[in-house]
Every structure is written in structure tokens, then in C-alpha cells.
Amino acid sequence: MEDEIDFIIDGTREAMDNALKHLEKELINIRAGKASPSMVGGVMVDYYGSQTPLSQVANVSTPDGMTITIQPWEKGMIPEIERGIHLANIGFNPMNNGESVIISVPPLTEERRRDLAKQAKAAGEEAKIGVRNDRKNANNDLKVLEISEDLKKSLEEDIQEMTDQHIKKIDEILAKKEKEIMTV
């Protein structure tokens with residue numbers, strides 16, 4: 001019985017930690033003013049008939065805060081990389097100089113910053129929903145166990161405390177990202 005309880009608690013903690021990790025990955029894709037290779041991390045390129053991540057066909061670098069340079073390993077991939085960037089619909093207009101693809105990252109307007117902050121908050125809400133669903137699943141798993149009501153109540157309180165801690169971490173991550181986005 002003790003093993004089942006430990007399994008439920010550990011599984012819930014792991015699921016909530018995964019919700020935090022997923023949120024952090026989502027927030028990396030929301031740009032905050034300066035160029036970063038992660039901005040094109042989700043771009044897929046048609047590489048000889050199969051969809052391949054951009055990072056597997058080219059080097060992606062940021063020579064300065066407003067430029068992303070993509071150096072393909074094969075020059076013939078330049079049009080495919082440009083097409084992949086357009087299809088990813090990330091709001092960039094790629095240019096090429098025959099050797100590499102260059103993306104100039106425009107400075108963010110105040111309106112765009114607000115939109116990105118809203119996008120970050122939406123990702124945070126999804127993470128909170130995930131954490132609450134993990135709590136609900138753990139409580140449902142506890143209900144089917146044949147243990148005393150006092151122990152169930154104590155375990156539910158522990159799970160609620162774990163939930164509160166994760167929600168607090170999500171709020172901290174969001175506050176940091178929102179500050180980063182709104183800083184000019």
C-alpha cells in the first residue's frame with residue numbers, strides 16, 4: 001500500500017515538473033527583443049523529401065542582437081530554408097546572399113510587446129491547467145485506494161501543497177518573462 005501511495009505522489013510531482021519544463025520551452029519561443037537561434041528552432045525544412053529540423057541542415061547563429069544568420073551545410077538548401085521559414089509563419093522575412101540566409105529581427109513595437117506578454121500568459125495558464133489536472137488525477141487515484149480517511153485527507157493536503165508550489169513557480173516564471181518582454 002505504501003508503494004502505491006509513493007508511486008502516486010512521485011508520479012504527480014514528475015507530471016507537475018514536466019508542466020513547468022514545457023512552459024519554459026514554450027516561453028523560449030516567445031522572443032523578447034533580441035535575436036536568438038531558438039527563434040527559428042521550430043522551423044522544419046524539406047531535406048530530400050523528409051521534414052527535418054533546421055538545426056540539422058544548417059548552423060544557426062546570432063552575430064548581433066538584431067540578426068540571425070543561417071549557414072546551410074549545402075548551398076542548394078538555401079531556397080528550402082527560406083521556404084521553411086515562410087511556412088513556419090514566425091513573422092520573419094529571410095534574405096540570402098548566395099552563401100547563407102539572413103534574418104533581420106525588427107525591434108518590437110509596444111503593441112507587439114503586449115501581444116507577446118498575452119501569449120506568455122496564455123502559455124502560463126495552460127501550464128496551470130496541466131498542474132491542476134495532475135492534482136485531480138492524483139486525488140482520483142487516492143480515492144480508489146483502500147486507506148483510512150485521515151490518511152487520504154493528509155495526502156490530499158500534501159498534493160494541494162505541491163500544486164500550490166508549482167503554481168507559484170509558474171507565476172514567478174511568467175513575471176520574469178513578462179518583464180523581459182516589456183523591457184525596451
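Positions are given from 1 along the sequence. Treat the numbers as computed from the prediction; the structure is a model and nothing was measured.
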- Query: Can you check whether Val43 reaches Pro53 side chain to side chain, under 4.5 Å on heavy atoms?
  - Reply: no
- Message: Measuring from atom CD of Gln51 to atom CG of Asp46, what distance do you get when rounded to the nearest 0.5 angstrom?
- Response: 5.5 Å
- Would you say the side-chain atoms of Gln119 and Asp115 include a donor-acceptor pair closer than 3.5 Å? no
- Task: Search all heavy atoms of Ile170 against all heavy atoms of Gly124 and return the closest pair with its distance.
- Result: CG2-O, 3.8 Å
- Task: Look only at the side chain of Ser61 and the backbone of Pro63, and say whether a donor-acceptor pair between them is shorter than 3.5 Å.
- Result: no
- Residues, nucleotides or ligands: over 12 heavy atoms within 6.0 Å of Glu111 CD: no
- Message: I'd like to know if the side chain of Ser100 and the backbone of Gly98 have a donor-acceptor N/O pair within less than 3.5 Å.
- Response: no
- Task: Kindly determine whether Asn59 and Ile70 satisfy side-chain contact (heavy atoms from CB on, under 4.5 Å), including the steps that lead there.
- Result: CA-CA 6 Å; Asn59 287 327; Ile70 303 166; over 6 Å; no
- Minimal heavy-atom distance between Val131 and Met16, with the atoms involved, is O-CE, 3.6 Å
- Ignoring hydrogens and geometry, is there a side-chain-to-backbone donor-acceptor pair from Glu156 to Asn139 under 3.5 Å? no
- Which atom of Leu116 lies closest to which atom of Ile181, heavy atoms considered: O-CD1, 3.7 Å
- Value rounded to 0.5 Å, distance of CD1 in Ile81 from OH in Tyr47: 10.5 Å
- Judged by atom type as modelled, is there a donor-acceptor pair below 3.5 Å linking the side chain of Ser38 to the main-chain atoms of Gly41? no
- Query: Hey, are Glu24 and Lys21 close enough for a salt bridge, meaning a charged N less than 4.0 Å from a carboxylate O?
  - Reply: no
- Query: What residues form a side-chain contact (heavy atoms from CB on, under 4.5 Å) with Leu151, not counting sequence neighbours?
  - Reply: Ile5, Ile147, Ser148, Leu155
- Taking 4.0 angstrom as the limit, do Asp10 and Arg13 come out as a salt bridge? yes
- CD/Glu149 to OG/Ser154 distance, rounded to the nearest 0.5 angstrom? 12.5 Å
- Between the CE atom in Met66 and the CD1 atom in Ile103, the distance rounded to the nearest 0.5 Å is 13.5 Å
- Message: Could you walk me through whether Asn96 and Ile102 satisfy the side-chain contact (heavy atoms from CB on, under 4.5 Å) test, starting with their C-alpha distance in whole Å, then the side-chain angles of each, then the deciding distance to 0.1 Å, before giving a yes or no?
- Response: CA-CA 6 Å; Asn96 82 65; Ile102 301 164; over 6 Å; no
- d(Leu174 CG, Leu27 CG) to nearest 0.5 Å is 6.0 Å
- Task: Search all heavy atoms of Glu82 against all heavy atoms of Met95 and return the closest pair with its distance.
- Result: OE2-C, 3.8 Å
- Task: Measure the shortest side-chain to side-chain distance between Glu80 and Met77 over non-hydrogen atoms and say whether it is less than 4.5 angstrom.
- Result: yes
- Item | Test item: Asp171 and Lys128 side chains (from C-beta on) under 4.5 Å apart, heavy atoms | yes
- Task: Quick one: pull up CE in Met39 and CD1 in Ile68 and give me the separation to the nearest 0.5 Å.
- Result: 5.5 Å
- Message: Any salt bridge linking Arg113 with Glu110? Criterion: basic side-chain nitrogen under 4.0 Å from a carboxylate oxygen.
- Response: no
- Task: Using atom types as modelled and distance alone, determine if a side-chain donor or acceptor of Thr163 lies under 3.5 Å from a backbone N or O of Ile159.
- Result: yes
- Message: Is there a side-chain contact (heavy atoms from CB on, under 4.5 Å) between Met182 and Arg114? Walk through the geometry before answering.
- Response: CA-CA 7 Å; Met182 297 309 284; Arg114 283 196 207 105; 4.2 Å; yes
- Message: If hydrophobic clusters are built by linking Ile, Leu, Val, Met, Phe, Trp and Tyr wherever their side-chain heavy atoms come under 4.5 Å apart, do Ile9 and Leu145 end up in the same one?
- Response: yes
- Query: Under a 4.0 Å N-O cut-off, is there an ion pair linking Glu172 with Lys169?
  - Reply: no
- side-chain hydrogen bond (donor to acceptor under 3.5 Å, both in side chains) partners of Asp64, counting only residues at least two apart: Thr67
- Taking all non-hydrogen atoms of both residues into account, name the closest pair between Trp73 and Gln56 and its distance. CZ3-O, 2.7 Å
- In short, Ile85 meets Phe92 closest at the heavy-atom pair CG2-O, 4.2 Å
- Query: With the 4.5 Å side-chain cut-off for hydrophobic clustering, are Met44 and Ile78 part of the same group?
  - Reply: no
- Message: Within the 3.5 Å criterion, strictly below it, is a donor on Glu74 or Tyr48 matched to an acceptor on the partner's side chain?
- Response: yes
- Does the side chain of His166 pick up a donor-acceptor pair with the side chain of Asp134 at under 3.5 Å? no
